Structures are given as C-alpha cells and as structure tokens.
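Being a predicted model, the structure only gives us computed values, none of them experimental. Start at 1 and go down the list; that is how both ligands and their atoms are numbered.
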Amino acid sequence: VHPTAARRPHAIVVQSENTSYSDEYITASFKNRGAEVTVSDGQYIINPTVQSFEFQTKRAPSKTGLMMIGVGGNNGTTLCATILANRHNIVWHTKQGIQQPNYVGSLLRASTVRIGNDPATGKDVNVPVSDVLPMVHPNDLVLSGWDISGVPLDKAMQRAQVLDYDLQRQVAPHLALIGKPLPSIYYPDFIAANQEARADNLIPGSDKQAHLEHIRADIRKFKEDNGLDRVVVFWTANTERYSDIIPGVNDTADNLLASIKSSHSEVSPSTLFAVAAILEGEPFVNGAPQNTFVPGVIELAERHQSFIGGDDLKSGQTKLKSVLAEFLVNAGIKPLSIASYNHLGNNDGHNLSAEKQFKSKEISKSSVVDDMVDANRLLYKAPEVGPKGLPVGKGEHPDHIVVIKYVPAVGDSKRAIDEYYSEIFCGGRNTISIFNECEDSLLATPLILDLTILTELLTRVKYRKTSGETKEFAPLYPVLSLLSYMLKAPLVKPGTDVVNSLNRQRNALESFLKACVGLESNSDLLLETRIW
Ligand code: NAI
C-alpha cells in the first residue's frame, strides 16, 4: 500500500447522468430500494419500495487533527509512532530483516472494493477503498491528546512495549516533538484503583463545569494553532465503569448539562469529553466499551448536529466471532454455546482486572451474536408473546460467556480462546476451538485511523430526498452507525436495530461509499456469468 497511492485528486471518475462533478462537490443520485412486509394469515405480503435521494460530498478533505484521550497509552503511542514512521518513511531492522512502515490492517488503506469489470477481459476491477471518495491520508493527521499520565510520548512508547526496539529508537526524536500529553480529567471512581499511580497530569479541581470549559478550550486552541478545519476527538483511554442512568441527571441533554454545572458524581470523564466535542461541533468517537453516550449525550448531539460514534474497538476476538457466529447460523448450524476466554498483560488488562471495568467489557463483548440468532427462528425459538402482544424476554439463545484475566507476562500480546459448540444434523455435535494471539495495539491502531478518517469523510457528505418535495441538502444523522465495522458494540440511531454481522457492516459501508459516487451497491448476482 504505497503511502501516496490515494493522493491523486480523482482516483475514480463515474461517467453517468447520475453523477456530476463540480470543483467543490461530487453529487450523485441514488435509489434506495427496500420492501415493506406484513404478515396476514401466516402469509408474508411484500411491497417493494423505492425512494430517490441525492448525495453531495464535499471534495476537499478537511485539514484534520486527531485528539486522543489516553494518547500516552498503548494505542495512543502506537498510533502516533506509526504515523510518524510512515510520514518520515522510517525503516527498521527486525530479526526477520528490514521492515517498511505501512497501513496493513486498515480497511481504508489496505483493502479494496470491486467497482466493476474490465470490458476487454471480463475480469473484476478492484480499487483501494480510500480511492472511492476523497479521504484524509493518515500521514496528514495532526496529532495531539490528553493523558492523566504526564510521561512524554517518546517515553510512553517505550513503556508500552509494543514496537520493535529499532523503530522505537528512530521514531523517538519525532515523538518527543509532540512532547507531553495535555493534562486530563481524573475521577478515580470511574477507572480501576490500580491506575492511580499513573495519574500525575491532571486538570486541577473538581468542578466539572470548569473541566468542560478547559477541554473545550484545548480543542479550540489545537484547532487554531494548527489551522485545522476539523478535529476528531477519540477516547482511547482506560475503560471506565458504566455510569448509572438516573432520571433528572443524565437522561436528557438539559439534565446532563445541569448535572455538569452541579458537578454530579455520575458524570464520567468520557461523557465530559463527549459533551465538550459536541459543544465545539467536532466529532467524538468512543473506542472503549463504557456507556459514555448516556441518553443526554445523544440528545445533545442531535441538538447540535454534531457527530458521535462508538463503542469499543473491534480488533480480535469479537471481530472473528461476528464472522464465525454468522457463518454457523447462516449455514443452518445451531451454536449451543460460545465460551470466550482472554488473557492479556498490558495496562488495559490491568485496568480490566477490576470488576466494574470488566463488566463494561463483558457487556460490549456479549451482544455480538444477538441479531444473527434473532434472524433465524428456524433454529432458535422466538420469545413468548405476552398479554399485550409484545415479546417477553429474548427467546432462545446460545449460552455465551466472556472471561478476561490479567497475565502481565504476555504484555500486549493478548490471547483469545473461543469454543463454539453447536448442534448439527440429527442431534450431532460440532466443536470449533480457536486460539487467537493478537498484538493488541497493532490490531487496534489501524481501526482508530479508519474511524477517524471515515468520521471526517461523513462530516462532508450531505443528502436530500428527491422523491416528493425536494428539500435542502442536510447532514447525516449524528450517530454514525456506518462506523460499525470497526466497533464491538455499535451505537445506532435510537429505535433502530444493531447489525453485528461483519459482512453486512462492510457491505453497508461499501454500498454507501459507492452510492455517494452514483455506483450501484454490491451485487454478487453476476448475471452475465449465469446466462448464455
Ligand atoms: P492503555 O491502558 O495502554 O492506555 C490508556 C491510557 O489512558 C493510559 O495512558 C491512561 O493513563 C490514560 N487515561 C486513563 N484515564 C484517562 C482520562 N480520564 N483522561 C486521559 N487519559 C486517561 O490502554 P490501551 O491498550 O491503549 O487501550 C485503550 C482503550 O481502548 C481501553 O479502554 C481498551 O479497553 C480499549 N480497546 C483496546 C483494544 C486493543 O486491542 N488495544 C481493543 C478494544 C478496545
């Protein structure tokens, strides 16, 4: 993946009456086809639907900054160091030989999308995903962030023990220029007590309104100092415990703002950062599992039309689970139990060894098979229907457990062990066991990049309905569920269903990018190969 590959202004040009290009915008018309289904006397009555839209994408990527909360941690330092290695083309020696920097593991930078066929050969033509629409190049991101630990980034990278020594050695002087993380907010109750020793770089006081103002000022200053159009604020700090959702405290936007003013104890640091970003009109992405997005945050994001996305990076075990569970259920095989064990030895593992923080992770890892099970009522019994005609409970489900243990010796090299135990033909049983050794931060870092770059892109896309009365172009809905591919517990528009299937998540993203340039969604019908 050559770093300059997608710096061309028009990597692809669509010649069609559906697509037009101006200096400023790409505009494409799109037909959203679906079907309405009702059930009557046991029969499914289906009415195909079609709605016409236009998408308008601002062509020039924003000059974008990435401010990470937890920049001094394993993910934060790995991301800064690897971007710098790519930017300065630092090569390093490993015991296997010479290693070039790259963006392997990034959906945008290291994977492709099929855009059609070569008429001469009939062969598929695939292009890098990042060529479909103009996107920020990761090398161009301006980096900054906060951390409760004041260790400068070059030293923090050494502490993380993720990167090869020869890379650390060469990249350290570049990292040293970013220097020390900005002081952050520390409310000890939200992360594990074992983190306290790190907390030496704090915004003073306990006034949450003052903390909010401080973070907002940090974002503004970073933006101004670097002449940025856009700042993506990204939580890659320790996993917090869940916040209680308390009526009158964090259930509405106004209540949440009032609770910040009165320094209510249930407002977490991550929620404060999210509110700061929203009030500054900058997107916020949550890379950890806690419920940062309490209902008041979502309402505030809607009110300010400011983008949010989350929760929890989907790097290893859950990514595989969202593929394997779907494969089994779609093959007509019935998983009876999924048992997942993890052990890891980095600071994330240390924090997760505390019960409340583990609980946040357990919740985010647990719901990943729900939609696949719900979609197949041949295998799993539907929930009973209660007296009011509503379902009671979730219906039949596989047993699903998640265990996480802290084993310092393995460091950042997390082990994930999964057993899928399934019912097969006529009462038979099938067991699949997986041992997945992940270099945690090297899997997570490209996801942070993809999330940041996609988020910036989605701030440049507007849409309007063209069937019926034509409206003005409007921004997308603030909760960016199109980011689901990279997230374990995708946040979606309230009242809509979460899609966990990795294939469907990727398909949604590809289809959306293509729609923005006026190309049809993916079709594997390949009719020309089926007919004379
Ligand atoms: P880490 O523990 O190395 O880094 C977290 C950093 O956050 C630390 O430097 C800590 O000092 C800082 N921090 C804690 N509270 C803070 C606050 N209020 N303000 C500013 N900084 C604060 O952890 P790592 O491995 O970088 O992971 C970061 C987060 O990403 C964790 O929540 C983890 O669960 C999540 N995650 C990581 C994945 C991975 O594969 N590495 C995958 C999925 C999620």
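In this pair, Phe273 and Trp146 present their aromatic rings perpendicular. The plane angle is above 60°, beyond the 30 to 60° band. Under the 30°/60° scheme for interplanar angles, the aromatic rings of His137 and Tyr103 are found to stand perpendicular. Between Phe293 and Phe284, the ring planes lie perpendicular to each other; the angle is over 60°, past the 30° to 60° tilted range.
Within the model, atoms OG of Ser262 and NZ of Lys208 stand 9.0 Å from one another, a figure rounded to the nearest 0.5 Å. The line from OG of Ser501 to OH of Tyr485 is 10.5 Å long, rounded to the nearest 0.5 Å. Within the model, atoms NZ of Lys488 and CD1 of Ile363 stand 13.0 Å from one another, a figure rounded to the nearest 0.5 Å. The CD atom of Gln158 sits 11.5 Å away from atom CG of Leu153, with the distance rounded to the nearest 0.5 Å.
Test Asp399, Thr431, Ile432 against Tyr421 for side-chain contact (heavy atoms from CB on, under 4.5 Å) and you get one pass: Thr431. Of the candidates Arg198, Lys155, Arg159, Ser149 forms a side-chain hydrogen bond (donor to acceptor under 3.5 Å, both in side chains) with just one, namely Arg159.
In terms of protein heavy-atom proximity, atom 19 (N) of ligand 1 is nearest to Ser184 OG, 2.6 Å. The closest protein non-hydrogen atom to atom 35 (C) of ligand 1 is Gly287 O, 3.7 Å. Closest to atom 40 (O) of ligand 1, if we only count protein heavy atoms, is Asp440 OD1, 2.8 Å. At the shortest separation from atom 8 (C) of ligand 1 among protein heavy atoms lies Arg198 NH2, 3.4 Å. The nearest protein atom to atom 41 (N) of ligand 1, hydrogens excluded, is given as Asn75 OD1, 3.1 Å; this is a heavy-atom distance. Among protein heavy atoms, atom 43 (C) of ligand 1 sits closest to Leu313 O, 3.1 Å.
When each atom of ligand 1 is checked for a heavy atom of Gly72 under 4.0 Å away, the hits are 9 (O). For ligand 1 and Gly70, the ligand atoms under 4.0 Å from any heavy atom of the residue are 6 (C), 7 (O), 12 (C), 20 (C), 21 (N). In the vicinity of Ala288, heavy-atom distances shorter than 4.0 Å reach the ligand 1 atoms 32 (O). When each atom of ligand 1 is checked for a heavy atom of Ala444 under 4.0 Å away, the hits are 39 (C), 40 (O), 41 (N). Residue Thr239 approaches ligand 1 through these ligand atoms, each under 4.0 Å from one of its heavy atoms: 31 (C), 32 (O), 33 (C), 34 (O).
The distance criterion of under 3.5 Å between nitrogen or oxygen atoms is met by Asn347 with respect to ligand 1. The distance criterion of under 3.5 Å between nitrogen or oxygen atoms is met by Ser315 with respect to ligand 1. On a distance-only criterion, Gly73 and ligand 1 share at least one N/O pair closer than 3.5 Å. For a threshold of 3.5 Å applied to N or O pairs, the pair formed by Asn74 and ligand 1 contains at least one separation below that value. Between Tyr186 and ligand 1, no N or O atom pair is found at a separation short of 3.5 Å. Distances between N or O atoms of Ile185 and those of ligand 1 include at least one value under 3.5 Å.
At a 4.0 Å heavy-atom cut-off, ligand 1 touches Asp312 through the side chain alone. Contact annotation: for Lys361 versus ligand 1, heavy atoms closer than 4.0 Å belong to the side chain alone. In Asp412, neither the side chain nor the backbone holds a heavy atom less than 4.0 Å from any atom of ligand 1. The proximity of Ala237 to ligand 1, defined as any non-hydrogen pair under 4.0 Å, involves the side chain as well as the backbone. Only the side chain of Lys488 comes within contact range of ligand 1, with a heavy atom under 4.0 Å; no backbone atom does.
Under a cut-off of 6.0 angstrom, the local environment of CZ in Arg504 is sparse, with at most 12 non-hydrogen atoms contributed by other residues, nucleotides or ligands. Taking a 6.0 Å sphere around CD of Glu196, one finds it holds 12 or fewer heavy atoms contributed by other residues, nucleotides or ligands.
The closest approach between any non-hydrogen atom of Thr236 and ligand 1 is below 4.0 Å.
With distances taken over non-hydrogen atoms, the option nearest atom 5 (C) of ligand 1 out of Asn238, Thr77, Val162, Val151 is Asn238. Across the listed options Val71, Thr78, Ile148, Ile148 owns the non-hydrogen atom lying nearest to atom 15 (N) of ligand 1. In this comparison of Ile69, Asp348, Asp147, the heavy atom closest to atom 12 (C) of ligand 1 sits on Asp147.
Using modelled atom types, one finds a donor on one side chain and an acceptor on the other under 3.5 Å when comparing Ser441 with Asp412. The closest side-chain donor-acceptor pair between Ser322 and Asn500, if any, does not fall under 3.5 angstrom.
Taking a cutoff of 4.0 Å between a charged side-chain nitrogen and a carboxylate oxygen, Glu355 and Lys359 do not qualify as a salt bridge.
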| said: Test side chain to side chain donor-acceptor pair (under 3.5 Å) on Lys493 and Ser481; report intermediate values, then the result. | reply: CA-CA 7 Å; Lys493 187 174 173 181; Ser481 53; over 6 Å; no

